[in-house]
Colleague: 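First the structure, which I've put down as structure tokens, then a few questions once you've had a look.
All values below come from the heavy atoms of this structure, side chains included, with hydrogens, waters and symmetry mates left out. Reminder, nothing fancy here: chain letters follow the sequence lines and each chain counts from 1.
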Number of protein chains: 2
Amino acid sequence: MSDQPPSRALQMRSLVTDSQTVEVSLEEVEVPDPEPHQVLIRVEAAPINPSDLGYLFAGADLTRASASGTPDRPFLIAPLADGAARAAAGRVGQSMPVGSEGAGTVVAAGDSDAARALLGKVVGVAGGAMYSQYRTADATGCLQLPEGSRPAEGAASFVNPMTALGMVETMRMEGHTALAHTAAASNLGQMLNRVCIQEQIPLVNIVRSPAQASLLRDAGATHVCDSSTDGFMEDLVEAFRATSATVAFDAIGGGSMASRILAAMEAAISSGAEFSRYGSAVHKQVYVYGGLDRGPTELARSYGMAWGVGGWLLTSFLQRAGPEKMATMQRRVAEGITTTFASHFDVSVSLAQALQLDAVGVYSRQATGKKYLIDPSA
Amino acid sequence: MSDQPPSRALQMRSLVTDSQTVEVSLEEVEVPDPEPHQVLIRVEAAPINPSDLGYLFAGADLTRASASGTPDRPFLIAPLADGAARAAAGRVGQSMPVGSEGAGTVVAAGDSDAARALLGKVVGVAGGAMYSQYRTADATGCLQLPEGSRPAEGAASFVNPMTALGMVETMRMEGHTALAHTAAASNLGQMLNRVCIQEQIPLVNIVRSPAQASLLRDAGATHVCDSSTDGFMEDLVEAFRATSATVAFDAIGGGSMASRILAAMEAAISSGAEFSRYGSAVHKQVYVYGGLDRGPTELARSYGMAWGVGGWLLTSFLQRAGPEKMATMQRRVAEGITTTFASHFDVSVSLAQALQLDAVGVYSRQATGKKYLIDPSA
């Protein structure tokens with residue numbers, strides 16, 4: 001493969017139409033020359049994160065998706081239910097590039113020293129439009145991977161690592177000393193488990209199967225509660241009693257998990273305490289950061305008055321934390337990108353393969369644990 | 001009526017038993033002599049607030065209540081469902097006095113100047129055990145009513161007035177500039193409406209009937225949205241657009257109201273704004289301070305990621321606000337107790353009448369708007 005970039009290359013695009021459909025396709029776009037402070041990256045690995053899925057398909061009903069086009073230039077179309085259409089109203093008619101993060105090889109560089117220093121290196125980068133064969137990026141925004149690393153190792157260098165560190169920082173900023181996490185066997189959950197072990201932060205890992213529980217225990221987790229077992233609530237209360245965790249990060253969103261977490265926290269806090277008609281005065285917080293279950297969140301409100309449930313978004317957290325804290329976090333990710341912050345991927349596909357209906361059917365079911373990587377250079 | 005207090009007098013008591021019932025009765029208790037800094041109050045008016053109801057009946061199923069005893073000393077017993085029994089587990093076997101606030105005449109005083117100055121005056125007081133014929137209180141905690149006031153006018157001098165002011169303070173402390181309120185035609189809602197008109201704070205009043213809407217409009221409210229009408233959501237979006245309210249206080253709790261408020265706030269914020277896949281960055285908050293609907297809170301999460309729902313409790317707010325702020329708020333209530341902070345009551349009953357099944361059947365249905373006052377001296 002020549003390192004001489006072409007003048008035009010493919011980019012995945014998502015378009016919500018005014019006839020309540022989403023169209024996903026590969027478009028030929030110009031490959032720009034890098035500005036002095038920029039590098040041009042040949043993208044070789046970009047993960048399909050849950051947040052990317054939401055953007056790519058706009059909440060469409062994928063069971064009713066249909067594919068057309070050619071093997072090299074597939075075209076996928078799927079209908080949006082009314083709720084999804086309302087939520088996507090603001091993007092109707094705008095063809096949008098997709099892919100929040102990825103990694104690849106720097107094949108051209110601008111004239112600045114910072115840019116030229118990266119020529120030929122493998123770098124991770126975030127900021128959108130990563131499901132593209134080529135992408136320019138600011139040299140200062142690139143995370144240089146350790147010598148000999150494969151692009152797949154740096155593909156997920158931003159969203160999951162910064163989210164894991166952001167959860168720990170949020171816990172500290174809001175005065176908690178331990179935390180809980182749902183979908184704890186995910187790539188993100190495994191990362192968070194490693195961070196918490198390193199920093200000796202008590203972590204309650206909530207998973208949905210015995211296999212996931214084993215995976216985390218084998219990785220050194222102390223508190224693992226499996227919601228598929230009969231004793232789940234008792235285990236959860238015991239884990240909260242042992243850790244004093246009063247904040248949880250929930251990837252599920254829908255259903256009763258947030259409410260059960262609050263109830264178990266309150267039970268752990270109030271056991272043996274004097275009766276109060278309004279429950280304990282200890283604030284219990286659940287942050288919903290994902291939507292594995294898109295149904296409504298149901299709160300039983302059986303845990304007194306000192307509770308909160310709210311959305312948690314990485315970009316909002318980073319604004320709140322400020323640039324200095326963010327830079328510290330990124331340095332830490334860079335040091336641990338192949339260890340603490342390593343991700344596991346099951347399948348790597350090309351841009352065209354990513355739009356095959358059978359592939360979509362697998363990676364769009366987030367809860368199965370099949371994690372896909374797109375290699376636009378393949 | 002002689003002002004010479006008796007040595008023993010009646011007090012309402014609530015007892016949760018280990019056979020999953022609540023027993024409410026009138027007990028004869030000693031009337032204490034006031035300490036130097038205290039006064040002895042003959043209680044003549046004490047409201048039945050929603051929070052008192054929760055304490056009095058411990059969430060019992062009142063449709064299965066039965067009464068016995070004599071007309072003067074009634075005895076009421078009602079079964080607790082499993083959930084209510086779990087919530088009340090901490091108070092099993094403890095006979096507890098009830099009544100968060102009230103007013104009456106000072107009939108004896110301790111030797112301090114502050115106490116003696118109140119002799120013969122009508123005062124409002126808070127702090128529990130107000131469903132008693134006599135009650136001692138710290139002189140400094142008493143709110144002296146304007147000359148010529150009836151006790152009923154000072155009966156609700158704490159919970160509702162401080163809650164209304166607390167909502168406005170919370171709004172300010174958290175950086176909002178306008179607010180919304182559900183069950184806005186309640187005594188509390190009418191108070192909040194008057195406070196907001198005085199301070200020129202935009203307020204969105206959410207009510208459940210055309211009659212309630214008229215009541216508030218007649219009281220000068222600008223933004224009134226009636227959830228019983230077809231155009232409710234459109235009206236709500238328009239009211240949020242007009243006021244920029246991003247915090248709401250919800251007395252209902254159960255059902256979809258909190259979620260609809262968040263959705264309408266987000267629609268008002270994002271109309272005309274650029275599309276963002278995570279919704280607007282403006283934080284939208286609903287505080288649940290009551291439970292008119294005891295069912296689960298259902299959150300559709302269709303309003304981006306910058307949202308929060310949580311409990312709001314007056315006592316927690318006052319701790320957060322601090323003693324200085326609290327004293328300022330109390331002075332303000334004292335000045336406006338017969339105007340801004342006036343309450344309306346439909347019925348006044350004696351302690352014994354308050355335990356008749358037909359009376360319980362009316363005042364325990366909070367949403368009907370029949371507001372009861374207990375006069376223990378009757």
Side-chain angles (χ1 to χ4, degrees), chain A residues 16 51-52 54-55 58 83-84 86-92 94 96 100 253-254 256 258-259 262-263 266-267 270-279 281 283-289 291 294-316 319, chain B residues 16 51-52 54-55 58 83-84 86-92 94 96 100 253-254 256 258-259 262-263 266-267 270-279 281 283-289 291 294-316 319:
Chain A
V16 174
S51 53
D52 295 315
Y55 200 50
R86 260 196 307 279
R91 51 178 283 199
V92 167
Q94 300 168 52
M96 291 174 143
S100 51
S256 65
S259 198
L262 292 169
E266 178 69 2
S270 61
S271 59
E274 208 181 323
F275 172 73
S276 159
R277 63 176 129 169
Y278 298 118
H283 185 77
K284 300 157 290 293
Q285 179 71 38
V286 175
Y287 285 115
V288 178
Y289 74 92
R294 288 200 212 164
T297 310
E298 285 181 19
L299 306 176
R301 303 195 318 286
S302 59
Y303 19 79
M305 296 299 280
W307 60 273
V309 173
W312 191 92
L313 184 64
L314 178 59
T315 49
S316 303
Q319 279 187 341
Chain B
V16 174
S51 53
D52 295 315
Y55 200 49
R86 260 197 307 278
R91 51 177 284 199
V92 167
Q94 300 170 52
M96 290 174 145
S100 52
S256 66
S259 198
L262 292 170
E266 178 69 2
S270 61
S271 59
E274 206 181 326
F275 173 74
S276 158
R277 63 176 132 171
Y278 297 118
H283 184 76
K284 299 158 290 293
Q285 179 71 38
V286 175
Y287 284 115
V288 177
Y289 74 92
R294 289 201 211 162
T297 310
E298 284 180 20
L299 306 176
R301 303 195 319 288
S302 59
Y303 20 79
M305 296 300 278
W307 60 272
V309 173
W312 190 93
L313 184 65
L314 178 59
T315 49
S316 303
Q319 280 187 343

Colleague: So which of B:G304, B:G254, B:A58, B:S316 has the biggest tally of heavy-atom pairs under 4.5 Å with chain A?
Modeller: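 Of the options given, most contacts go to B:G254.
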
Colleague: Do A:T297 and B:V309 come close enough that some side-chain heavy atom pair is under 4.5 Å?
Modeller: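 They are not in side-chain contact.
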
Colleague: Between chain A and each of B:P296, B:G308, B:A306, B:G83, count heavy-atom pairs under 4.5 Å; write down the option with the most.
Modeller: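 Of B:P296, B:G308, B:A306, B:G83, B:P296 has the most heavy-atom pairs under 4.5 Å with chain A.
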
Colleague: Decide yes or no for B:Q285 and B:W312: does some side-chain heavy atom of the first lie under 4.5 Å from some side-chain heavy atom of the second?
Modeller: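 Heavy-atom side-chain distance check fails, nothing below 4.5 Å.
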
Colleague: Using every non-hydrogen atom in the two residues, find where A:L299 and A:W307 come nearest and quote the distance to one decimal.
Modeller: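 That would be CD1-CZ3, 3.8 Å.
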
Colleague: For B:S51, is it the side chain, the backbone, both, or neither that has a heavy atom closer than 4.5 Å to a heavy atom of chain A?
Modeller: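 Both the backbone and the side chain of B:S51 come within 4.5 Å of chain A.
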
Colleague: Measure from the side-chain N and O atoms of A:R301 to the backbone N and O of B:G311, and report whether any donor-acceptor pair falls under 3.5 Å.
Modeller: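 It does not hold such a pair.
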
Colleague: Between B:A281, B:G253, B:A300, B:S302, which residue shows the highest count of heavy-atom pairs closer than 4.5 Å to chain A?
Modeller: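 Going by pairs under 4.5 Å, I would pick B:G253.
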
Colleague: Examine the side chains of A:S259 and A:Y303 and answer whether a donor and an acceptor come within less than 3.5 Å of each other.
Modeller: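 Judged by distance alone, the side chains do pair up.
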
Colleague: Where on B:V288 is there a heavy atom nearer than 4.5 Å to chain A: the side chain, the backbone, both, or neither?
Modeller: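 For B:V288, the contact with chain A is made by backbone and side chain together.
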
